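So you know, we letter chains A, B, ... as the sequences are listed, proteins then strands, and number each from 1. Any value given below was found using the heavy atoms of this structure, including those in side chains, with hydrogens, waters and symmetry copies removed. If you're wondering where the values come from, they're calculated on a predicted model, not measured in any experiment.
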Amino acid sequence: MIRTHQAGALRRDDVGATVVLTGWVATRRDHGGVTFLDLRDASGVVQVVSRDLPDVHALRNEWCIKVTGEVGARKEGNENPDLSTGHIEVVATAVEVLSESETPPFPIHGSEPIDSGVDETTRWRYRYLDLRRTGPASALRTRAKIVSVIRRVMERHEFVDVETPYLTRSTPEGARDFLVPVRLQPGHWYALPQSPQLFKQLLMVAGLERYYQIARCFRDEDFRADRTPEFTQLDIEMSFLDEEDVFALTEELFAELWRDVLGVELPTPFPRITYWESMRRYGSDKPDLRFELELVDLTEHMQGTEFRVFQAEHVGAVVVPGGAGYTRKELDGWQEWARSRGAKGIAWLLVPDPATGDGGSELRGSITKLEAERLTSLPAAAGAAPGDAILFAAGPRRTTLELLGALRNAVARQRGLVREEEWRFLWVVDAPMFEPVSSDNPAVAEGAVAGWTAVHHPFTAPTEAYAATFHDDPEHALARAYDVVGNGMELGGGSIRIHQREMQQRVFDVIGLTRDEAQSKFGFLLEAFNYGPPPHGGIAFGLDRLAATLAGTDAIREVMAFPKASSGGDPLTGAPTPVTERQRKEAGIDVRPEL
RNA sequence: GGUCCUGUGGAGCAGCGUGGAGUGCUCGCCGCCCUGUCAAGGCGGAGGUCGCGGGUUCAAAUCCCGUCAGGACCGCCA
């Protein structure tokens, strides 16, 4: 190394040592006769002081330099308690410029928080400068730490790390594939994997018993703050297991991650809740338990009403504590919020509080034309106290619950009900096995079921109760699927797979997959299953979401080294780019093979 | 495919509703001064076709239409 020490690691013990440091000029304070430089390297920042080196006046921020000098204790009163190196400074005897720098496009210094007001476009465009900053860089370090803990836990349990192909066939998940043309077979394309699902099942047939991989996955779908076209999963599969093995492993892994990364002790085991209970109580299959605000079911209460809005399959509500003080504008805001989500709207009722005067003197709301009996008993039925507001939604059961679930989250955020310091994990189990094919085809009548599709994927096993009947009653069949949810975020999910041919065939029958189609799509897996497949199952965790959660950010871009923009492009390299006519020809892009 | 927000010297913002000279703030940048600062301080200075195109108007950063880029959300995505 061309240096002797790390700048940020120097302490009182080093006083008197002659050191050679390298790094970047974070800032300079030039007093004419004495000049201070903050020298930054990966370890942190140290103050360099120069009294008689004429060259230092020419230095500028972000120049890469080498400093030779002696570590000195700072005089009392000159110490900086905010700096871990604040008790010492390096008295420079020589400064060498390793390379000069343009003025950076945004301030760098060193100690900015992760999102310090610089426009993201600019940060991603100059990500290599962004990462000179402590906050953004520490997010990547957190991610590396997470990967390290993961490997430690997986190796402790004798999991085998196997790399599966990135150039492969389409996997049976629902997302669009990224396609890669193949020069040697014009007109034929690889798909980049949406997950290593089929390969890890093959590895179970192969008898590996315990597989894991930190695998890049690709889905050509639209963006969200927590979704990007390429992302990383911790992918796990085990043989001869049941759900308890997956739960125990996950809880051990999470407990160790939270302990080592954040110093937080997670209580285990995580509570479990069924999918439908979660929908009923929270309107979501990934409920945030850091606040209460459980949904109220008023379907019974509205049975037989003349009030048309509430003549619906499901009537539910969120009770907003202290919401009687809502202004008309705020209530209109909720209407707009609901409509922006494609709902017809939400009804509201303010319960007056005589003590504070909030909500006036009588029940007010958009539903006061409701039968008097029903109206006056409504606050009690909803569990609303004086001073509360009740926000209603009515309609088909599932969409109404989902709307109320989103409302629950929005209300909690708006009213500051989320206990931000808490970590609340849970398992959501017993998800439906199938859901109706959402058909935009006008030929399919409103409400009619055009067919069924696997909620999870078609290799997910039914629960014992539905093993014999799921093909006759796909609507109610439950799957041996599980999601792990933390603070309202889906951090991972998996299932116990089907390993019996007969059962697998019935699933294909339900989703309308013919033998030929199944054979052509994943005949290789079915063939493998002819050779004594073990009972198996697994789980996959979104590593980016895990890292973002542990790094304390909502945006998974922050824990990716070179994230994509929401257009799907790479702001730094400018990819994707058009290809030349010659490349098209070589890759056989325009060739249409006989199907 | 859809809805909404944003785009103003290098960075972050204000200005836009109710049109009137590129006006302002914090930082950065350049020069000079300065021997104990902590993202130093003082004085001076440079730097902007207000994303782009069109329209309305005597006059557009401001109003209208289109478009591009970025972001959030719905659809989609287990």
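A:Asp119 and A:Arg123 are not joined by a salt bridge, as no carboxylate oxygen comes within less than 4.0 angstrom of a charged side-chain nitrogen. Looking at A:Asp220 and A:Arg176, no side-chain N of the basic residue comes within less than 4.0 Å of a carboxylate O on the acidic one, giving no salt bridge. Under 4.0 Å is where a charged nitrogen must lie from a carboxylate oxygen, and between A:Lys200 and A:Asp235 at least one such pair does. One finds no salt bridge joining A:Glu277 and A:Arg272 here, because no Lys/Arg side-chain nitrogen approaches an Asp/Glu carboxylate oxygen to under 4.0 Å. Ion pairing of A:Glu230 with A:Arg216 is present here, as a side-chain N (NZ or NE/NH1/NH2) and a carboxylate O approach within less than 4.0 Å.
Spacing between B:U67 and B:C29 at atom C1', rounded to whole Å, works out to 34 Å. Comparing B:G22 with B:G47, their C1' atoms are spaced 13 Å from each other, to the whole Å. Between B:C16 and B:A59, the distance separating the two C1' atoms is 16 Å to the nearest Å. Comparing the same atom, P, in B:G53 and in B:C32 gives a spacing of 39 Å after rounding to whole Å. B:G54 sits 14 Å from B:A61 when the P atoms are compared, rounded to a whole Å. Only the P atoms considered, B:C65 is 43 Å distant from B:G45, to the nearest whole Å. Atom C1' of B:U62 sits at a distance of 6 Å from the matching atom of B:G19, rounded to the whole Å. Remark: the separation of the P atoms in B:G51 and B:G12 is 14 Å, to the nearest Å.
A:Asp119 comes within 4.0 angstrom of the backbone, heavy atoms only, and of no base. Note on A:Glu89: a base of the nucleic acid sits closer than 4.0 angstrom, heavy atoms only.
Here A:Thr27 reaches the OP1 or OP2 of B:A40: one of its side-chain N or O atoms lies under 4.0 Å away. Of the side-chain N and O atoms in A:Asn61, one or more sit less than 4.0 angstrom from OP1 or OP2 of B:C29. Distances shorter than 4.0 Å separate some side-chain N or O of A:Ser567 from OP1 or OP2 on B:G70. Distances shown here put every side-chain N or O of A:Arg176 at or beyond 4.0 Å from the OP1 or OP2 atom of B:G1. Side-chain N/O atoms of A:Arg29 include none lying less than 4.0 angstrom from OP1 or OP2 on B:U37.
Between the P atom of B:A69 and the CG atom of A:Asp570 lies a distance of 15 Å, rounded to the nearest Å. In this structure, CZ of A:Phe223 is placed 14 Å from C1' of B:C76, rounded to the nearest angstrom. Distance A:Arg497 CZ to B:A78 P: 14 Å, rounded to the nearest Å. B:G71 atom C1' lies 13 Å from atom CD of A:Glu558, rounded to whole Å. Straight-line distance from the CZ atom of A:Phe106 to the C1' atom of B:A11: 9 Å, rounded to whole Å. At whole-Å resolution of the value, CD in A:Glu62 and C1' in B:A11 are 14 Å apart. Spacing between atom CZ of A:Arg123 and atom C1' of B:G12 amounts to 14 Å, rounded to whole angstrom units. Atom C1' of nucleotide B:G10 and atom CZ of A:Arg125 are separated by 14 Å, given to the nearest angstrom.
With a cut-off of 3.5 Å on both pairing distances, B:G17 has no Watson-Crick or G-U wobble partner at all. Remark: B:C29 base-pairs with B:G45. Criterion, Watson-Crick or G-U wobble with two distances under 3.5 Å. B:A69: Watson-Crick or G-U partner is B:U6, with both key distances under 3.5 Å. In this structure, B:A61 makes no Watson-Crick or G-U wobble pair, since no nucleotide meets both defining distances under 3.5 angstrom.
Counting only N and O atoms by type, the side chains of A:Asp177 and A:Gln194 include a donor and acceptor under 3.5 Å apart. Residues A:Tyr211 and A:Gln213 have side chains that bring a donor and an acceptor to within less than 3.5 angstrom of each other. Using modelled atom types and a 3.5 Å distance limit, the side chains of A:Gln233 and A:Arg545 yield no donor-acceptor pair.
Between the side chain of A:Arg219 and the base of B:C77, no donor-acceptor pair of N or O atoms lies under 3.5 Å. For A:Arg224 against B:G75, a side-chain-to-base donor-acceptor contact under 3.5 Å is present. With hydrogens and angles ignored, a donor-acceptor pair closer than 3.5 Å exists between the side chain of A:Arg74 and the base of B:C38. Scanning atom types as modelled, one donor and one acceptor separated by under 3.5 angstrom connect the side chain of A:Asp222 and the base of B:G75.
Which of B:A11, B:G71, B:C30 sits closest to the side chain of A:Arg28 comes down to B:C30. Listed candidates were B:A40, B:A72, B:A39. Nearest to the side chain of A:His31 is B:A40. The side chain of A:Glu221 sits closest to B:C77 out of B:G10, B:A39, B:C77. The A:Thr103 side chain lies nearest to B:G28 when the options are B:A78, B:U37, B:G28. In this structure, the nucleotide among B:C73, B:A39, B:C77 sitting nearest to the side chain of A:Asp38 is B:A39.
Judged by closest nucleotide on RNA chain B, A:Thr122 is the one of A:Thr122 and A:Val34 placed further toward the 5' end. If A:Arg557 and A:Asp285 are placed on RNA chain B by their nearest nucleotide, the residue sitting closer to the 5' end is A:Arg557.
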